[in-house]
Amino acid sequence: MAPPMLELRGITKQFPGVLANDNINLAVEPGEIHALLGENGSGKTTLMNIVYGLYHADAGEVRFEGRPLRMTSPGEAIATGIGMVHQHFMLVQAFSVTENVILGMRCRREPLLDRDGGATEVQALSAKYGLKVDPRARVWQLSVGEQQRVEILKALYRRARLLILDEPTSVLTPQETEELFEILRALASEGRSVIFISHKLHEVLSVADRITVLRRGRVIDTVRAATSSKEGLARMMVGREVVFRVNKPPARPGPVVLEVKNLQALNQKGLPALKGLSLEVRAGEILGIAGVDGNGQKELTECLIGVTRPVRGEVRVAGENITGLSPRQICRRGVAVIPEDRHRQGLVLPMQVAENIMFGNFYRPPFSRRGFLQLGVIHDVARRLAAEYDIRTPSTDIPVANLSGGNQQKVILARELSGQPRLIVAMLPTRGLDVGATEFVHRRIIDARNSGVAVLLVSTELEEILSLSDRIAVIYEGEIMGLVPGDGADVHELGLMMAGSKRLAAVS
Amino acid sequence: MTEILGVLLSANFAFASIRMASPLLLAAMGGLFSERAGVLSLGLEGMMLSGTLAAFLGSYYSGSPWVGLLAAAAAGGVVALVYAAACVTFRANQVVAAVGLNILAVGATGLAFRGAFGVTHHLHRAPAFQPINVPVLSDLPVVGPILFRHLFPVYLAFLLVPVVIFVLYRTTWGLKLRSAGENPLAAETLGVKVERMRYTGIIISGLLAGMGGSLLSTGFISTFMEEMTAGRGWIAFSAIIFGKWTPIGTFLATMLFGAADALQLRVQALGLAIPYQLLLLFPYLLTLCALVLVGRTQAPAALGTPYERMGGSRK
Ligand SMILES: Nc1ncnc2c1ncn2[C@@H]1O[C@H](COP(=O)(O)OP(=O)(O)O)[C@@H](O)[C@H]1O
Ligand SMILES: [Mg+2]
């Protein structure tokens, strides 16, 4: 019998404070699509970075086609025949597609750069595998899906026999995901191996031959996809039974709280990101904004909270025009924000839990009197909120950086939701959280909605949108492609809208 | 006013502009390699100043400005090596490292010069480069005297521009260098040795900046004075920004600054009722305006950020 394409024996990797990989054994056969399934933080990326030579394992052995590897750099991994598409793309935005593909490789006319020859080769590869992309385009001009194809082309150009994809579908529409799976199947049928990392059960079940489940850095089991169920995999992944649907009573929508009219805004590059977007959110309902990342979600939320100034259009909260007001003024009108990236926007990591909880209010009594902070009051309030929001922290005066991701998110919830907001703008509120913390955040958002708060939920996770939203709007290239009721929404139809190919009559 | 206009139109002024631009051009072309690899070329002033002294010493003791030129390149290279070690290996803050190095260079060159020659008012002279008249071309009317009667390092500076364009944009090495300045992590995942690229870029900047410095002490004048570069390294750094990190743009920017310097000198010679301090200020004011006009948008994406490989320690 031929040896496995890749074999891992007893791989262990310790980071300060976490054992990211704990004695991992894994074998991937030639021609196999092998899924690595696990929650965020379970050690999938770390394991693959070890295989790719970016990290060094503390213990254990990597074997490739039966031979032990002693890898110290990605260059060696590439030379061996291993390619990896990282979760965060590793592309040079200012370079062309061809330049990205041939970077670091010897050219036929070495030391001269052979752009035309490279472009021809890239063209041939992309035609062969259906990876449509213009070899001469600059990467920053490409959509996320196209950028992913460039990453796959990079690996194929280097004749990778093992292709590792780290959460490749998180940036794709359901249709693009299906196209990707076709490409992966074609690669496997040529005898190449694919390692497909995901935390989405249905995807893993539909594309993989075998599935290895990781939890807290350990292999729980390796199973055949054909004989596995969603429930069984979820149990292995989380370590207990999981409910897939969030319970919520029917919505009782009240008056319109948020009204966005014909909003136009530019992105950081100065290109149009919102092209006349309009929407309404009523009190007591959750409006989900579905869409592939990078279609104007960021600019939309930034306009709502006053960080970006729209070029044209109007934002009204409870009837009042708030366009162009400062973030503080908007905050005082009852708009709460759960930002996309809690490390960069929601929290000041080196500062205390209590300080992070009172941001936005520190200048007001009772937190501040005559310009002096009232530390006693601040810590009393912080302790009360920490208890109420179940923030697990030894005290309120330690840096928020020392908390786990879930507890950090609870700090944000405590700050934003305790001020009795009228409107919550939540962007990817559960990104990177484990199942328990995710349930908590969802629960709190639904409680707020039940008590009459309007919620705008922006997420690229379709599952999250489907389970929380009362109505779903799909955003594509800065426009709303259509609106559907949350109950019984059809994933296929949403996917088509996410790809911009279908516009429904708006229903409200 | 008419007098100044007269200066601007004279062949003499065009010749002087080229002269004054060339040390800037050498340093700035070097600085481009460092910047495109992702490391700020703020240390050009110190590298240039070291080159100025080394050129003088080399030429003084050997009797040949060519030896001085090599010594200048070597001195710039050594300073660059120290800067590279600080920025790349030890991932120091590049601004702090560069400013420290520049201050050190002022002190060290002054000290070395006094150590060698003592504190005297006697002017020490070293053999300097002599103009090379390019056969035939230097006899052309108008352009001949302007373009083809210069010193060797001046020609070198101008010939360097197409070479830099070629190396940066037409070779695989240039692509790798630029990738280190745009996205070092991506470059590393493709097997590019980011740290080596950055070291190389910085050292090239030191070699060329040192040669640029040699023009000051063994070119236009044949002696050394403390702080002789007088901020030219900073101006070269500004020229890269004003030129939006392209060789052509940088070249044009150094020409502009060179012309400003030449103008300032000529106007002083006219003996107008303008305080000469104000005239001296002119090139620096122009630099300041130029910097305000250009945003950072065109800069290499990873410029100024130390690169740390993933996964921490590796054996
Ligand atoms: N460079 C690093 N330094 C310290 N800890 C890390 C580093 N990379 C990952 N970790 C930690 O290791 C664990 C596993 O992370 P990761 O491999 O990224 O998980 P996954 O890809 O499954 O989401 C997490 O607890 C994470 O915080
Ligand atoms: Mg990961």
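In what follows, chains carry the letters A, B, and so on, assigned in the order in which the sequence lines appear, proteins first and then strands, with residues in each chain numbered from 1. Basis for what follows: all heavy atoms, side chains included, without hydrogens, waters or symmetry-related copies.
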> Does CZ in A/R115 sit with more than 12 non-hydrogen atoms of other residues, nucleotides or ligands closer than 6.0 Å?
yes

> Please list, in residue-number order, every residue in residues 98-110 of chain A that has a heavy atom less than 4.5 Å from any heavy atom of chain B; write 'none' if there are none.
A/E99, A/N100, A/I102, A/L103, A/G104, A/M105, A/C107, A/E110

> Is there a side-chain contact between B/T172 and A/L112, using heavy atoms and a 4.5 Å cut-off?
no

> Is B/L185 close to A/H88 at the side-chain level, that is, under 4.5 Å between some pair of heavy atoms?
no

> With a sphere of 6.0 Å drawn around CZ of A/R63, does it hold more than 12 non-hydrogen atoms of other residues, nucleotides or ligands?
yes

> Hey, mind stepping through A/M90 and B/L190 against side-chain contact (heavy atoms from CB on, under 4.5 Å) and telling me if it holds?
CA-CA 9 Å; A/M90 302 277 184; B/L190 294 182; over 6 Å; no

> Yes or no on side-chain contact (heavy atoms from CB on, under 4.5 Å) for A/F89 and B/N183, after CA distance, side-chain angles and deciding distance?
CA-CA 11 Å; A/F89 295 155; B/N183 189 342; over 6 Å; no

> If you count every heavy atom of other residues, nucleotides or ligands that lies below 6.0 Å from A/R159 atom CZ, does the total exceed 12?
no

> Heavy-atom pairs under 4.5 Å with chain A - which of B/S179, B/A187, B/G174, B/G191 has more of them than the others?
B/S179

> I'd like to know which of A/Q93, A/K154, A/E76 tops the heavy-atom pair count under 4.5 Å against chain B.
A/K154

> Looking only at non-hydrogen atoms, find the nearest pair between A/L113 and B/Y169 and report the distance.
CD2-O, 3.7 Å

